[in-house]
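Just so you know, ligand 1 is whichever comes first in the structure, and atom 1 is the first atom listed for that ligand.
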Amino acid sequence: MIAHKKLPNGFEYIEIKNSTTEAKIALQGAHLFHYARVGEEPILWLSEVSDFEYKKAIRGGIPICWPWFGFNEDKSLPQHGFARTSIWQFISSEEVDKQTAALILRMTHNEETLKMWPYKFELELHVIISKRLTIKLKTTNKDEKSFKISQALHTYFGVLDICEVTVKGLDKKPYLDALTWNHEIQTGDVTFNQEVDRVYQEVDGEIVLSDRNREVYIKSRGSSSVVVWNPWIEKTKRMSAMKEDAYKSMLCIETSNAFADARVLKSKESHTLKADIFTKPL
Ligand code: TA6
């Protein structure tokens, strides 16, 4: 089943349900905000107090940070770009088989985006919902001049208890610590007992989020950087649309082209950022 739904306030999303999975994608931001395998805890975390209002980013799921990751030099512009608060077009949906749905959403430059970012573009999100979740974000330069993008699939994963989570696959990788702006090298698995906000570079393999009852695998393509973020106690209190204890049950592992991994696209060139997400029971 693939249905176009509206909340009482008019907020539109697509609901997908089949024999193995369920998902929900908002037209604002092409924001996948729910993904679960039938009978299991959702893979994606969604804040219990998230907004579902136009021009406010949903807190959780997979926000699309584009055409810049983080803050813009022009501080009047939104953190993480404008894609996640723009209305995308729902282009197509297909029930590939009883267990698989494929959807395409698209946004292009308009008067509003050109004021913030003076380039013509086409941005498409291809999502394949099945026992695995495949997300492809394709940027095409429709302008005559080159442009540079930094971006992230800012994926919020649900975890049982952040204190018992380890992230594998980043050992010996260099990272920028966004809390100190120092450059560091990862030693062993990433564990969590404080705020963590790191942009890892030279990432070339799969990342494994090891939780008490499952392992979530994240395989990326078109990316050599990964952002790992947990706001912990104090930062959570300052984040919009997050309950005070939210940090205990979420972790962001973001397939990205961030900082040194930003990409330059010449006129008519395309670049695709891809994440494959799947689980293995322990
Ligand atoms: O990806 C990590 C990060 O850049 C953090 O520094 C924090 O700002 C987080 O994104 C959330 O940003 P948001 O704009 O969604 O509140």
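- With hydrogens and angles disregarded, a donor-acceptor distance shorter than 3.5 Å links the side chain of Asn230 to the backbone of Tyr247.
- If you check which protein heavy atom lies closest to atom 8 (O) of ligand 1, you get Gln79 NE2, 3.1 Å.
- Atom 14 (O) of ligand 1 has its closest protein heavy atom at Arg84 NH2, 2.8 Å.
- Judged by the 6.0 Å distance and 45° axis criteria, Lys131 is not positioned over the aromatic ring of Phe278.
- Of the N or O atoms in Trp229, none lie within a sub-3.5 Å distance of an N or O in ligand 1.
- Taking a cutoff of 4.0 Å between a charged side-chain nitrogen and a carboxylate oxygen, Asp276 and Lys274 qualify as a salt bridge.
- Taking all atoms of both residues into account, the shortest heavy-atom contact from Ala262 to Ser150 is CB-CB, 4.2 Å.
- Using a 4.0 Å cut-off between charged side-chain N and carboxylate O, Glu215 and Lys280 make no salt bridge.
- For atom 5 (C) of ligand 1, the nearest non-hydrogen atom of the protein is Asp197 OD2, 3.4 Å.
- When the heavy-atom distances from atom 4 (O) of ligand 1 to Lys235, Arg59, His80 are ranked, the shortest goes to His80.
- Listed by number with element, the atoms of ligand 1 under 4.0 angstrom from any heavy atom of Met239 are 11 (C), 16 (O).
- Only one option out of Ser240, Ser47, Ser50 pairs with Arg59 in a side chain to side chain donor-acceptor pair (under 3.5 Å); it is Ser240.
- In the vicinity of Glu254, heavy-atom distances shorter than 4.0 Å reach the ligand 1 atoms 1 (O), 2 (C).
- For His271 (side chain) and Gly222 (main-chain N/O), a donor-acceptor pair under 3.5 Å exists by modelled atom type.
- Listed by number with element, the atoms of ligand 1 under 4.0 angstrom from any heavy atom of Val227 are 1 (O).
- Near Phe69, meaning under 4.0 Å from one of its heavy atoms, ligand 1 places the atoms 1 (O), 4 (O).
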